[in-house]
There are 2 protein chains.
Amino acid sequence: MDISARTDYAIRALLSLAAAHRSGSTSLSAESLAREQDLPRKFLEAILADLRRGGLVVSQRGSAGGYRLALPAEELTLGMVVRTVDGPLAEVRGLRPHQTAYEGVAQHLPVVWVALRASMRHVLDGVTLADLVTGELPDHVRGLAEEPDAWLPR
Amino acid sequence: MDISARTDYAIRALLSLAAAHRSGSTSLSAESLAREQDLPRKFLEAILADLRRGGLVVSQRGSAGGYRLALPAEELTLGMVVRTVDGPLAEVRGLRPHQTAYEGVAQHLPVVWVALRASMRHVLDGVTLADLVTGELPDHVRGLAEEPDAWLPR
DNA sequence: ATATTCCCTATCAATTCGATAGGGAATATC
DNA sequence: GATATTCCCTATCGAATTGATAGGGAATAT
């Protein structure tokens, strides 16, 4: 699993938009988003373009232009962000988990890959931008993070 | 999440070793492992070298040489294989999940990353080579794979 | 001796990743 | 209607990663 800089930056910019929206602001420029979360502006512009094409944000050009969320923050999950900027949550040798197939002794492997993806979905599709802004994460996510060794390397 | 070809090949070769061991064979050559699972021999040799350095297999040179598991198949998990050939299970911009830190509105993100890693650990550290050879996967893994939409793309 | 097999280093092409450059198109404001 | 602002598009870049092969040296069983 590698959460890329692209995904990390996308989420942080969207969180800024979600928070700004609650405070009544209309839209934020790429410039101000980059400043607020300390992100490389040009790179962020490219990511925001992906988010717009993916329908997660809407943009407005011109003087008072900028970006705002295309959906309520309560309906935007981290899974949607990952898929929009980085593609499928999980792949095995470039294949989707459910498309893998093996001969002989490895025949049961696809079950594991599908289970792995399902476990990732439970986390990433269960957390919304609104959850993160308020800090009130779903119980099962909080539970995972509170397990005894969760914060230790292995 | 990307399960690389390296990891996929490593697991399949190790499964062959695990199965061969139950059938009483002593060791298998890189050549025969490559043939059995249809893997590129030279590439597999490089992966087996990593597995040996990582202490997951032991090797023997010479005529009747080859590789065998360094531990019982019941004690070898997929997580151990992934970490040996591809490094940490989960990383965020090259950082371990518990090492991430954010300012402002993104401050709660590390909880999500740690939860995500924990959920992956539950699957990958819970499945052993022996489980896969017999097809008897742990209940919670089987449960994840049996969820209604687990085999559907999203 | 010899055939076998692991082992080590180097190299490769293709792709991805993170990032920047430069300028065109829309738009609000004065 | 000129101007400043801001998004938008294409191209490019270096570095790293990925998947893989080549070639030959070192150990070992027969």
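These numbers come from a predicted model, not from an experiment.
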Practice problem: Kindly indicate whether the side chain of A/E45 and the base of D/dC7 share any N or O donor-acceptor pair separated by less than 3.5 Å? | Solution: no

Quiz item: Are B/D139 and B/R142 ion-paired here, with the side-chain N under 4.0 Å from a carboxylate O?
Solution: no

Self-check item: Euclidean distance, atom CD of residue A/E31 to atom C1' of D/dA4 [Å, nearest integer]
Solution: 14 Å

Quiz item: Of all the nucleotides listed (D/dA20, C/dT5, C/dC8), which has the minimum atom distance to the side chain of B/R53?
Solution: C/dC8

Quiz item: Checking A/R6 side chain against A/V85 main chain: does a donor-acceptor pair fall under 3.5 Å?
Solution: yes

Exercise. Round to the nearest Å and state the distance from B/K42 atom NZ to C/dC7 atom C1'.
Key: 9 Å

Quiz item: Rounded to whole angstroms, how far apart are CG on B/L39 and C1' on D/dT21?
Solution: 15 Å

Quiz item: Angle, rounded to 10°, between the helical axes spanning five pairs at each terminus of the helix from C/dA1-D/dT30 to C/dC30-D/dG1?
Solution: 10°

Quiz item: Hey, does B/A46 reach any base, or is it just sugar-phosphate, or nothing, if we go heavy atoms under 4.0 Å?
Solution: nothing

Practice problem: In plain terms, say whether A/R154 and B/D125 are close enough for a salt bridge, that is, a side-chain N and a carboxylate O under 4.0 Å apart. | Solution: yes

Practice problem: Give the rounded distance in Å between these two atoms: CZ of A/R12 and P of C/dG18. | Solution: 13 Å

Practice problem: For A/R52, report the nucleic acid contact type (base, sugar-phosphate, nothing); a contact means any heavy atom under 4.0 Å. | Solution: sugar-phosphate

Self-check item: salt bridge (Lys or Arg N to Asp or Glu O under 4.0 Å) involving B/R41 - partner list, sequence neighbours excluded
Solution: B/E31, B/E45

Quiz prompt | Between B/H122 and A/E147: side-chain donor-acceptor atoms closer than 3.5 Å | solution = yes

Quiz item: When you measure from the side chain of A/R12 to the backbone N and O of A/Q37, does any donor-acceptor pair fall under 3.5 Å?
Solution: yes

Quiz item: Atom OG1 in B/T77, atom CZ in B/R121: separation rounded to 0.5 Å?
Solution: 11.5 Å

Exercise. Identify the heavy atoms of A/S16 and A/L33 that sit nearest to each other, and give their distance.
Key: CB-CD2, 3.6 Å

Quiz item: What is the distance, rounded to the nearest whole Å, between atom CG of B/L44 and atom C1' of D/dA20?
Solution: 12 Å

Quiz prompt | Identified side-chain contact (heavy atoms from CB on, under 4.5 Å) partner of B/T84 from the options B/L51, B/V57, B/I47 | solution = B/L51

Quiz item: For nucleotides 10-16 of chain C, read 5' to 3', which letter fits each nucleotide if B means a protein heavy atom sits under 4.0 Å from the base, S means only the sugar-phosphate is that close, and - means neither?
Solution: -------

Quiz item: Are OP1 or OP2 of D/dT6 and a side-chain N or O of A/S59 less than 4.0 angstrom apart?
Solution: no

Quiz prompt | Separation of D/dT6 C1' from A/Y67 OH (nearest whole Å) | solution = 8 Å

Practice problem: Would you indicate whether the side-chain heavy atoms of B/Y67 and B/L17 approach each other to under 4.5 Å? | Solution: yes

Quiz item: For nucleotides 25-30 of chain C, read 5' to 3', which letter fits each nucleotide if B means a protein heavy atom sits under 4.0 Å from the base, S means only the sugar-phosphate is that close, and - means neither?
Solution: BSBB--

Quiz prompt | A/Y102-B/D8 side chain donor-acceptor pair, cut-off 3.5 Å | solution = yes

Practice problem: Write down the distance between CG (A/L51) and P (D/dC8), rounded to a whole number of angstrom. | Solution: 11 Å

Quiz item: Of the non-hydrogen atoms in A/A115 and B/V141, which two are nearest, and what is the gap between them?
Solution: CB-O, 3.5 Å

Quiz item: Just how far, in rounded Å, is P of C/dT4 from CG of B/L33?
Solution: 18 Å

Quiz item: Do B/L129 and B/L78 pass the side chain to side chain contact (heavy atoms under 4.5 Å, CB included) test, and can you show the C-alpha distance, the side-chain angles, and the key distance before you say yes or no?
Solution: CA-CA 7 Å; B/L129 295 181; B/L78 296 190; 4.3 Å; yes

Practice problem: Using a 4.0 Å cut-off on protein heavy atoms (strictly under), produce a 5'-to-3' string for nucleotides 14-19 of chain D with B for base contact, S for backbone-only sugar-phosphate contact, and - for none. | Solution: -----S

Quiz prompt | Partners meeting side chain to side chain contact (heavy atoms under 4.5 Å, CB included) with A/Q60 (sequence neighbours left out) | solution = none

